[in-house]
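First the structure, in the form of structure tokens, and then the observations on it.
Whatever order the structure lists them in is the order used to number ligands and atoms, beginning at 1.
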Amino acid sequence: MTDPSTPPASHDSTTPENLVAFMTTGWATPPSTPAAPIEGIERFAARRAALAAAFPGQTLIVPTGQEKVRANDTHYRFRPGTEFYYLTGNVEPDNVLVISSDGTATLYCEPNPGKTDATFFTDRFKGELWVGPRLGLSQSAQRFGVATKALAELEADLAATRSGAYRLLRGVDPVLDAASAQQDERDAELATQLSEMRLIKDEFEVRELRRAIEATHRGFDDVVRALPSANTERVVEGVFGLRARVDGNDVGYGTIAASGPDACTLHWTRNDRTIGRGELLLLDAGVEAHTLYTADITRTLPIDGTFSPEQKTIYELVLAAQDAAFAQCAPGKEFMDPNRAAMDVLAHGLERLGILASAEEALREENQFYKRYSLHGVSHMLGLDVHDCARARAETYKFGTLEPGMVLTVEPGLYFQPDDLTVPARYRGIGVRIEDDVVITRAGCEVLSAAIPRTVADVEAWVGAARGASV
Ligand SMILES: [Mn+2]
């Protein structure tokens, strides 16, 4: 479904009938070569079949969403709906996947009228000469291995369907949401199923996550090389963003380039500060691969190549917490076990530093005082979404058990706010997070991002080498 048409803007030119006649003639016949099937076409078909089997006899509607307005008539770059993409591999906007009650799948998409229809040069949002050609019905069918129909037929087809049992993936397509009756529980069950299907990654998905992580490693290398001349956080964001666009689809989430005390703000994406000498830079960034799987990596780097004694103390404590968490990443462990292990290490370290009076007291369920400095949990699932599988039930995710094929982050941190009087002055304004991505294996886990320098010595050598090279 598409947005209601936008009225012409003041800068639009007029189109006399004679021009339309002239523009729609005199073009070579487009080649009729079939579209190449996407890689893993059978994988997407199997996912659709599994979804249909979970809701037998019901119609399932999974839209990808539309381009969103950034300002007036300009849009944000389109990113497909995760669930729609997971079921189709299709990255074009506006499409809607419908799985009928008999289990057959139909992709509703925009036709590609070629240059036979004036819209190819008059429609600023869909016209081929404005935004490039769409695949259209026959090419989409070939490429994604699914039956296609024109988007214009969707409303009538759904009207017939809505009298029966159907479920809609809500929150993606406002037009479909508005046109469908409230049935929160039924629709939520569809969203949950689509989240839980993605808890275990297959080989193809793990391969794509590896690619995203490798590209992210290159992006971190780029940033490290740029550090000697990077005087603002914005430079760091820009350098990483270049790598994300060149080696992948985009960044998987807004890059956090937090220098000095900005690191104490968890989702610092304003990135507008001037970087000071002797500070730490907390870089939390991930490249999203062309297949939309994203990395989620954090490194905390000494700008000048060497940690100060205070920075090193905090960094090593976070590192020890991360190592303790890695040791809990194994099949049969609870999802929360890595978090518990990390918080235990952090709380005892905070006690040694005199910040917590008693680790034991701080760790008690009714207190959780360590959270004043650790702020967030240690893990979340990672995949097509950076916070993947977000609609999974607590019993399968947060209170579930780790299984081979699950991919999650391990990211302890410590954050001492600049105005926190419970913290010795020399530690205030220090924020450290170390984040890696792991896949659970039969034997334990593999740290997919292990090649990115992490220990104090390795990080100092990494940043130091770039400084040396730039002199
Ligand atoms: Mn994360």
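Taking backbone and side chain together, Glu411 holds an N, O or S atom under 2.8 Å from the Mn ion (ligand 1). When distances to the Mn ion (ligand 1) are checked against a cut-off of 2.8 Å, His387 contributes no N, O or S atom below that limit.
Phe240 does not carry Arg243 over the face of its six-membered ring by the limits of under 6.0 Å from the centre and within 45° of the normal. Cation-pi check for Arg47 over Tyr86 is met; the charged atom lies under 6.0 angstrom from the ring centroid and within 45 degrees of its normal.
Phe307 and Tyr315 have tilted rings, their planes meeting at an angle from 30° to 60° on a 0 to 90° scale.
Atom CD of Gln368 is surrounded by more than 12 heavy atoms from other residues, nucleotides or ligands within 6.0 Å.
Here the angle at the Mn ion (ligand 1) defined by OD2 in Asp296 and NE2 in His380 stands at 80°, rounded to 10 degrees.
Atom OE2 is the N/O/S atom of Glu435 found closest to the Mn ion (ligand 1).
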